[in-house]
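Let me begin by presenting the structure, written as C-alpha cells, before commenting on it.
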Protein chains: 2
Amino acid sequence: MHSTIKDVAAHSGVSIATVSRALNAPQLLNAETLAKVRESIEALDFMPSARGRQLRGVRTRLVGVVVPTLANPVFAESLQGIDEAACASDYRLMLMTTAYDSARERRAIETLREQRVDGLIATVADAESNPLLDELDRIGLPYVLAHNDTAYRAAVSVDNRRAARDGVCALLQRGHRRILMLAGSFAESDRARLRYRGYEDAMLGAGLTPHPPIELDFNADDLPPSLLAHLSDPARRPTALFCSNDRLAIIVMRGLRHAGLSVPGDISVLGFDGIPLGEWLSTALSSVATPNREIGRYAWLHLAARLGLPGDTANGPVPFKLPHSVRTGATIAPLIDPAARTASLVSENPA
Amino acid sequence: MHSTIKDVAAHSGVSIATVSRALNAPQLLNAETLAKVRESIEALDFMPSARGRQLRGVRTRLVGVVVPTLANPVFAESLQGIDEAACASDYRLMLMTTAYDSARERRAIETLREQRVDGLIATVADAESNPLLDELDRIGLPYVLAHNDTAYRAAVSVDNRRAARDGVCALLQRGHRRILMLAGSFAESDRARLRYRGYEDAMLGAGLTPHPPIELDFNADDLPPSLLAHLSDPARRPTALFCSNDRLAIIVMRGLRHAGLSVPGDISVLGFDGIPLGEWLSTALSSVATPNREIGRYAWLHLAARLGLPGDTANGPVPFKLPHSVRTGATIAPLIDPAARTASLVSENPA
DNA sequence: ATGAAAGCGCTAACAC
DNA sequence: GTGTTAGCGCTTTCAT
C-alpha cells in the first residue's frame, strides 16, 4: 500500500541509507543524487513512516491527552490550548475521553502507554488518591494534570477554593447576605468540592453561616423542588445564587425567569468557568472566569520541561496556579432593599 | 526506559515468542508458563509497544481527525461522536486542528500520513476543489468528510441548502416577509454559502426578492453600521433575521437589545447549528439544528466500512445526508402587524 | 559522498 | 507447548 524507503531506493538506484540521508541530512548528499532521490519520492508519493522512525528513536513526539468530555467547553478550550502549544513544539496529540469514568481512565492511560507517548496531560476524576497516576510516577512516564487542583502532583489550575471565595466576596461586597450555592454532581468533581469550600470561607469570613450546597442533576425543564422551596418566600429567599459552573448558571437563570423571578432584579446569579458564550448573553453572565486555554498551554509547558524540551526560559519559572478573575456582568446587582439585609435565610454567625 | 518483550522473556526464562503468545494467544500456552510470564509482565511493568506491532501488521488502528477548531461547539460535538464510535471499534484518534488554514490542513494530513493512520475524518475549508483530498484519493488512503456538504466526495452532513430553506420557510409561514440573512465570513466556509442559497430558495419560492447577505466579522460589542442601517426605520426594517450560525445569533440578539429592540417582539431571530446552550437561554434560541454528534458517528461508520471493519449492517446502508430539524424556540414570533406585511424592504418579486 | 549491515519491539512462519 | 528466526521501515555506525 504505502511505498517504503526501499521502493524509493530501488526507483532512484541508490541505497536506503542515501534515501534516509535525503530525508534527514540532505546537506551530506551530492546535489544530483539528492535531486534524483527527491524525484523518486515525488513519483512514489513516499512519506516516511513515523512507525519505523519511532521504533529506532528515543522519542515519539506524541503527547497523550485525557479529558472527561468535549461537551464541556472548558475542556474543549484547554484542549485547544494544549494543541496550539504542543504543535508549536512539533508534537502531536493522541486524544482519549473518559466521561469521568475511572475504568475508561485506566484504559485511556494503558492505550497511551502502548502508543509510547512521550508524556501525557490529563484531567482526572480524583487527582489525589489515584493508583493510575501513582503507577505513572513509578514507571517514570511524565505527566501533568490540567484543571485538577491538588498540591500532591504536577497540576495546572486556578486555585478553585480562593476563586470561589473571591466570587462570593464580590456578592458580599454588593450587600448580599443570603447566598446559596448550587452545584452539579459533587461526586464527579473534586473541583466542585473545593469551590464549596471557597463559598464557606467567604461566608464565614463575613460572619455568616454557609448553607449546605444544593445539588442539582439537571435535565429537567424546570427548577427542582429542592431549590424552589428556597424561593417561595420573598422575605426569606436568597438574594444571590452561586453556581458551581456556567452551564448550571444559565439553566438556573432560565428556571428563575420561568418562576417569575427576574435576574438580577429579584435575584443575582454568579457562575463559574467564564465560558465565552456567557459574555454574549443579553444579560451577560457574571462568572468566576478561569483561563482555560492558558491552563492547557501551561500544562504543555510543564510537560515540555519534564521532557527536556528547549523551553522559553525568558519569563522565569512556569506557574502551576493561574490567576482567576471575577467577571461581573449584568446578572449581579447590588442589594438595595435594606430589609433584605437584616432578614435572614442563613442565620447570622455570632462569631 | 520501557521494558521490552525481551526483558520479559529473560525475566521469566522463556523465549520472546512465548511472551508474544501470552499476549496474543494465551490459550496456546501451558497454564504454568502463562502464569510465570504474566508475573514477569507485572513485575517489569511491561506494556507492549504499539510501534513494534504496527510495524509488522497491516493496520495501526489509528484514525486521523482534522477539524478547524474546537472553540466551535459544533466541532467539539462531532469530535465527541467520532470518539465514541471509533473507541467502540477499538480505534484511537489522532487530532489535528487547522483554524480553517489550508497550509495547516496540508501539514495535518502529512503528519497523519506519516503516522500511518488507517484512514481519516476531516472537515476542510474547501471540499470540492481540494488537491490534498485528490492526493488522498490517488494514494488510496480512505477518508470521510464531516460537515462538508458536497456530492463529489464521501461527506457526512446535513443538506445545508435545504436546511436553511426550511428554516426560512418557518419564518415565512409565520408571516415574515422582510427577512435578512447575516453570515460570518463567507470565505471560510462553503457551508455558509450553501445556507445563503437556501435562504434564496425560500425567498424566491415565496415570490420575494432575497436581500444580499450581510457579512459580520464580529468582535465588537455593538452591531456594525452595516446592520444598524437596516434597523433604523421601524416601518421598513426586517421583521426577522436569519443568522448563519448560533454564535452569531446570540451576539446579534444582544446587539438588538442594546439597540432597544426586543426579541421576538420587534424582531425575530433564527440561528443555525442547534448548539445545546441555545435551548437553555431564557429566551430559547430558535435554530436550524444539525445532529453534530451523529455527523461524527456516521462519518466514522462510513470510514469503518471503507476500512473493511465488521459493520453494523442490521440497519441497512449508512446515509450521508442526515436530517436537520427546525427548532422553534422563543426567539421567533408570528408577525401580527398587517402593515408590516405590505411594506417592503425587499421588493416584491413580480414572478 | 555513498553503501552495507545491525538493530529498534514485535509477530508469524516454521521447526522441534 | 515452546524455541528459532526472518522481517516490518527506518536510522545509524562503520566501511569504503
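Below, chains carry the letters A, B, ... as their sequence lines are ordered, and counting in each starts from 1.
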Counting only distance, no hydrogens or angles, is the base of dG9(C) paired donor-acceptor with the side chain of Arg51(A) under 3.5 Å? no
Can you find a donor-acceptor pair, distance only, under 3.5 Å between Arg21(A) side chain and dG3(C) base? yes
Touch check for Val14(A), heavy atoms < 4.0 angstrom, all strands: base, sugar-phosphate only, or nothing? sugar-phosphate
So, Ser49(B) and His2(B): side-chain donor and acceptor under 3.5 Å apart, yes or no? no
Whole angstrom value for the distance that separates P of dC8(C) from CG of Asp7(B): 11 Å
Gln54(A) CD - dC10(C) P separation (whole Å): 14 Å
From CD1 of Ile16(B) across to C1' of dC8(C) the rounded distance in Å is 12 Å
Does any donor atom in the side chain of Arg51(A) or Gln115(B) lie under 3.5 Å from an acceptor atom in the other side chain? yes
Side chain of Leu55(B) (C-beta onward), nearest among dT2(C), dC10(C), dC8(D): dC8(D)
Out of dG3(C), dC10(D), dG9(C), minimum distance to the side chain of Ser49(A) belongs to dC10(D)
Shortest non-hydrogen contact between Ile295(B) and Ala146(B), atoms and distance: CG2-CB, 4.0 Å
Between Ala50(A) and Leu34(B), which is nearer to the 5' end of DNA chain D once each is assigned its nearest nucleotide? Leu34(B)
Is Thr18(B) near enough to dT2(D) that one of its side-chain N or O atoms lies under 4.0 angstrom from OP1 or OP2? no
Whole-Å distance separating the CD atom of Gln115(B) from the P atom of dC10(D): 13 Å
Minimum-distance nucleotide to Thr4(B) side chain [options: dC10(C), dG1(D), dA4(C)]: dC10(C)
Rounded distance (Å) that lies between atom C1' of dA12(C) and atom CZ of Arg53(B): 13 Å
What is the distance, to the nearest angstrom, from the CZ atom on Arg59(B) to the P atom on dC8(D)? 20 Å
Proximal nucleotide (of dT11(C), dG9(D), dT2(D)) relative to the Ser20(B) side chain: dT11(C)
For dC8(C) and Lys6(B) - does any side-chain N or O of the residue sit under 4.0 Å from the phosphate oxygens OP1/OP2? yes
Aromatic ring proximity, centroids under 6.0 angstrom, His11(B) and Phe46(B): no
Value in whole Å for how far the P atom of dC10(C) lies from CD of Glu114(A): 10 Å
I want to check one thing: is the phosphate of dT2(D), taken as OP1 and OP2, less than 4.0 Å away from some side-chain N or O of Thr33(B)? yes
Would you say the side chains of Thr150(A) and Glu128(A) form a donor-acceptor pair under 3.5 Å? yes
I want to verify a distance call: between dC10(C), dT11(D), dA12(C), whose nearest atom is closest to the Arg116(A) side chain? dC10(C)
Take atom CD1 of Ile5(B) and atom P of dG7(D), then tell me their distance rounded to the nearest Å. 19 Å
